[in-house]
Amino acid sequence: MTGWQKQARATTASPVWVAVCLCAVLAPGSAAAQIVANPDGSFSATALEISNTALVWQVAMGGLVVAAFLAAIILWVSSALRRARHSNIRRAAFVSSALNSLTTGIVMVDARKRIVFCNDRYLEMYGFSRSDLVAGMTGRDLTALRATRGMLCDDIDEYYRNVKSPEGHVCELLDGRSILVKHRELSNGGIVSTHEDCTARRKMSRQLATTTHFLESVIDNIPVCVAAKSIEDGRYILANRAFEQFSGLSRDQIIGQTAEKVYVPEAAQMVTEADRDAIASPTGQTRTELSIEHNGGRRLIACNRMIARDEKGKPEFLVSLFEDVTDRRSLSREVQSAKKFLEQVVDNIPVSLVVKRLSDGQYVLANRAAEAMLTRRREDVIGSTLEDIYNPADVQFILKRDEDAVRKKGVVTEEHPIQTENGLRLFLTRRVTVLDEAGEPQYLIKTNEDITDRRETESRMAHMAYHDALTELPNRAAFLQALEQMIDACEDTDEEFAVLSLDLDRLKEINDVFGHEVGDKLLIEFSRRLESVISGGVVARLSGDEFGLIIDGLQPDSAKALATRLMQSMQTEFMFDGRAVRIGLTIGISVYPRNGRDAETLLTNADAALFRAKTKARGSINFFDMELDQQLRDRRALHQDLSTAIRNGELSLHYQPQARARHKMKSDHVLGFEALARWTHPVRGFVPPGDFIPLAEESGLIVEMGEWILREACREAASWPKDLQISVNLSPAQFMHGDLVGLVHSILIETGLAPGRLELEITEGVLIEDFDRGLSLLRRLKALGVRIAMDDFGSGYSSLTYLQAFPFDKIKIDRAFVMNLGRNPQSAAIIRAMIGLGHGLNISIVAEGVETQEQLSFLADEACDQVQGYLLGKPAPIETYAEWIGRTKSVSNVSNLPRRVG
């Protein structure tokens, strides 16, 4: 029996014993307190007195007993409380000692959130001492103290929200430690907070995760299929990416499945049998090849299977590494076939080829061409050495060159003549050293090729590279080379020379009329005449009809004199098959050093002078002029800027109204607008249309620009509330390049503009270039539903022919006739005739360039249908005419509105 049980029994027995004693005392007293009667019926006084005295003593004694009993109870209770307090102190000391021995920090707070316990580990963890804990401190006070010392990772409120999570909250402290904090609420309202340093565990967890990810990445990037399955149930527990690609299933569809779910039945059975063989193998490893049906075809699979055992050596997992070797086997067969093919190729190449093994000097390969070179059969060559094949003198010569090639460990090439049965021939010998894996020479490959014919061909080709094939004159490359040599010779001297660029006039016409054969004969004869006239200078054919000359002497007099003689020589006709042919000549001249100090500059400046001469007058002589050249350069720069402007959206459209011809114009007389391109250069500012439109026509940029203008004008017109006409000018170049009809059709569909609202203005140049083709395109455009107008009517020479051939919707009278109204009577007569002609053909007439009321009144009197000009409105952004097209007038445009229309 334990001590605390004995104490319990003793404590219980004491009050019982006291009670028994009390009963024993009181029992006699009750008998003595009775009144005894005598036999005669009287009461005995003595007995009564004696009884009273006894009663008093009994009461006194009872009081003493009761008092002793109460004192005993009090003493027992006090002793019990003392023992309980000592027990609680011992128990609390035990619990405190136990909690302080934990590696986890613990803090307990009561229902009022006051700290009732904090173990040593907690203080140590956060660097506190017992003195930091003051009476009445709450848990939040302690957390705030942690925050002030940098031992809190979050805001306090956020911290308390996070630690309530069942999983707890990990605080990342500034010193790098990770603390897992968990709060558990007690039934009495208190809280137990545990703090565990999980730094090492998290680090290990991260390392484990990194290692796991690394291993998974390695397995996933293994180019062969990797799979593992449990031997117990045959289900896959691992599959890499290559296995996914091979099976056509995702990893989730493979893991947990058996082979029957991954393969077709036949293949699954073969895999299962191979697995059983691997498990039964004494080595726990097998290599097999399976021919299975997979992905609709027969595939050959090479497999390696290995058994993974548990700690007791019992087979637990089966690991398989396998790959589809079908293509590899097929490739192997192809390699063998290719090897045989290459052997046949080597055997049949026309170059002598032998391979010598350097370790013993024996030949190991010789092709059929080598038989003729070595004058013996291949079978006799293979296994032989130099000494077996050549005479001693040749052996030393050949051996030295072989050794030199081996020392260089590369390709060594040499040319040397060899006397053959066909005479002295030039041979090209190549020696190639083949190295082994250690980088040491192993074989020497030697080829001998007869290059006599090739060198002769190359010589002819070299001549052709620097000479014109037709005239045998030097070409542009040779001319530039000669020009550079001339510059080098004249550098640092006072010597001058001139570069002449010549252009034959009417050569194209001669080719078209007489044929190219006559044209070629003319070029040959002209070349001979040039050489005879220049007598000693450099003559070259630079291109089809352009020639170049270099002459020295005092400049520019020598150049001018030679150019004059050349012009005079062209006065003599060329005779071909009894036919006289006359051609013209235009010459441009640049002079060294004043017009350039390098070949390209001199030739470029001569070409610039030639271009200027052709622009001014064909058949003339022109010297390079820096000022004129600058104009040409500016024009070329403007061309480049225009090309950039089209791509960068620097162009815009202005719109000029067209209205009915009335004496007093009103806004409701407006029938439509003509779209006109405008260009604002980022540096030059506004560029007049007269400058960039002709430039675009010459360069071909008008095609790209015209497409943009047409699309933008149709897009804008389609947005107008009023169904007004939109007129767009088309260039002849647009008719010659691309599918114009298809372009117009696609733009109408793209923008949604009704075809009847689009009016295309053309000039007679469209029909001059190619009448039949232009007429066909106009008819196809008309079939789309668009309107066709002839612009600048009256300025050409065949306009009436075109009116007869095509039913135009509108004729625009050239502004030159309108501007001369009132000053030139002929202009009025011509305009009357044009209006009458148009009305007779049922074609509307539009007069351009109307700038005065007098001009408008004349046209209205003559029943002209429409007018266009500054009197009605200048070309301006469409916002200027917002009210005319049905839009609400904005305040910013009020000042820009035309004043003429009332």
Side-chain angles (χ1 to χ4, degrees), residues 642-656 658 671-679 689 692-693 695-791 802 805-810 812 844 875 877-878 885-887:
L642 178 59
S643 177
T644 303
I646 296 173
R647 293 194 302 269
N648 295 346
E650 296 176 12
L651 299 180
S652 62
L653 290 184
H654 282 199
Y655 298 84
Q656 188 173 27
Q658 298 173 339
L671 300 175
F673 291 85
E674 180 180 0
L676 302 168
R678 295 294 182 263
W679 179 19
F692 72 86
I693 294 296
L695 186 61
E697 293 274 3
E698 294 174 9
S699 62
L701 289 174
I702 194 65
V703 176
E704 183 180 356
M705 183 192 301
E707 179 180 344
W708 177 85
I709 293 172
L710 180 61
R711 178 175 282 103
E712 181 64 17
C714 291
R715 184 196 61 77
E716 174 61 42
S719 68
W720 296 345
K722 291 185 178 180
D723 292 338
L724 300 177
Q725 293 279 338
I726 182 68
S727 297
V728 179
N729 290 280
L730 293 182
S731 166
Q734 291 178 267
F735 279 78
M736 301 302 295
H737 300 87
D739 182 9
L740 178 62
V741 178
L743 175 66
V744 173
H745 188 211
S746 64
I747 289 177
L748 289 173
I749 295 175
E750 174 187 332
T751 60
L753 182 70
R757 293 179 58 195
L758 176 61
E759 186 173 83
L760 301 176
E761 298 185 8
I762 68 164
T763 60
E764 63 183 19
V766 170
L767 299 172
I768 290 176
E769 293 290 337
D770 189 337
F771 181 81
D772 293 334
R773 185 174 187 274
L775 193 62
S776 174
L777 288 175
L778 288 178
R779 288 171 178 165
R780 291 172 59 195
L781 288 171
K782 185 82 170 176
L784 293 178
V786 302
R787 297 167 57 83
I788 307 296
M790 175 174 280
D791 198 10
Y802 305 142
F806 183 79
F808 288 90
D809 297 290
K810 183 185 293 185
K812 301 188 74 173
S844 297
I878 196 61
I885 63 175
R887 290 178 182 162

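Just so it is clear, the structure is predicted and the values come from calculations on it, not from any experiment.
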Is it true that the side chains of [X] and [Y] contain a donor and an acceptor less than 3.5 Å apart?
X	Y	value
E674	S727	no
W720	E716	yes
S643	R647	yes

Strictly distance-based, threshold 3.5 Å: is any side-chain N or O of [X] a donor or acceptor partner for the main-chain N or O of [Y]?
X	Y	value
H745	V741	no
D791	I762	no
S776	D772	no
Q734	S731	yes
R678	P689	no

Rounded to the nearest 0.5 Å, how far does [atom2] of [Y] lie from [atom1] of [X]?
X	Y	atom1	atom2	answer
D809	M790	CG	CE	12.0 Å
L730	L781	CG	CG	7.5 Å
L701	L642	CG	CG	5.0 Å

* Asked: What are the two closest heavy atoms between L758 and C714, and how far apart are they?
  -> CD1-SG, 4.0 Å
